[in-house]
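Only one structure is covered here, and it is reproduced in the block below.
Only a predicted model underlies this, so the values are computations on that prediction, with no experimental measurement involved.
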Amino acid sequence: MARSSAQTRKLKEFGNNIRRERVRAGLTQEQLAEKADLNPRTIQKVEAGHINILVTTLAKIQAAIGCSWLALLGPDVKRRGVPLWTLEK
C-alpha cells in the first residue's frame, strides 16, 4: 500500500527528530545502533524517513540517546491529546 504525502512527510519529520537528538547526544549512527542494539542500516532508514518502526525500537533509540519521548515524537503529539507525563524521560 502506497503512503500518502502526509504520511511520508511525518516519517521524514520523525527521522529528522531522531537525527537532531542523536547529534545533540554526540553519537554517530553507528554508535547509536550499537547502544540501542540495532542494525546501523535501521538507524539510517529511520532517519531518512524510509521506514516506520515499532514502539519497542523507538524505546531502544530513546534510551540510547537519553532524550525525552517528546523530543523524538515532536510537538505534534501535544496537539493530539497524548498526556505529556506519559512521554517523560
**Asked** Which pair of heavy atoms, one from Glu47 and one from Arg22, lies closest together, and at what distance?
**Response** OE2-NE, 2.6 Å

**Asked** When rounded to the nearest 0.5 angstrom, what distance separates CZ in Arg19 from NZ in Lys12?
**Response** 9.0 Å

**Message:** Check this for me: Glu30, atom CD, are more than 12 non-hydrogen atoms of other residues, nucleotides or ligands nearer than 6.0 Å?
**Reply:** yes

**Request:** Determine whether Gln7 and Lys10 make a side-chain contact, defined as any pair of heavy atoms from C-beta on separated by less than 4.5 Å.
**Result:** no

**Complete:** To the nearest 0.5 Å, atom CD1 of Ile61 lies from atom CG of Leu27 at 11.5 Å

**Message:** Starting from Leu11, can I reach Leu32 by hopping between I/L/V/M/F/W/Y residues whose side chains sit under 4.5 Å apart?
**Reply:** no

**Request:** Using side-chain hydrogen bond (donor to acceptor under 3.5 Å, both in side chains) as the criterion, list what pairs up with Arg20, not counting sequence neighbours.
**Result:** Asn17

**Message:** Quick check against the 3.5 Å criterion: does Gln62 have a side-chain atom that pairs as donor or acceptor with the backbone of Ser68?
**Reply:** no

**Item:** Closest non-hydrogen atom pair between Lys60 and Leu38, with its separation
**Value:** CD-CD2, 4.0 Å

**Message:** With a 4.5 Å cut-off on side-chain heavy atoms, are Leu58 and Leu73 touching?
**Reply:** yes

Show me the donor-acceptor pairs, under 3.5 Å and distance only, between side chains in residues 48-57 and residues at least two apart or in other chains.
none

**Message:** Give me the atom names and distance for the closest heavy-atom approach of Lys35 to Ala64.
**Reply:** NZ-O, 3.2 Å

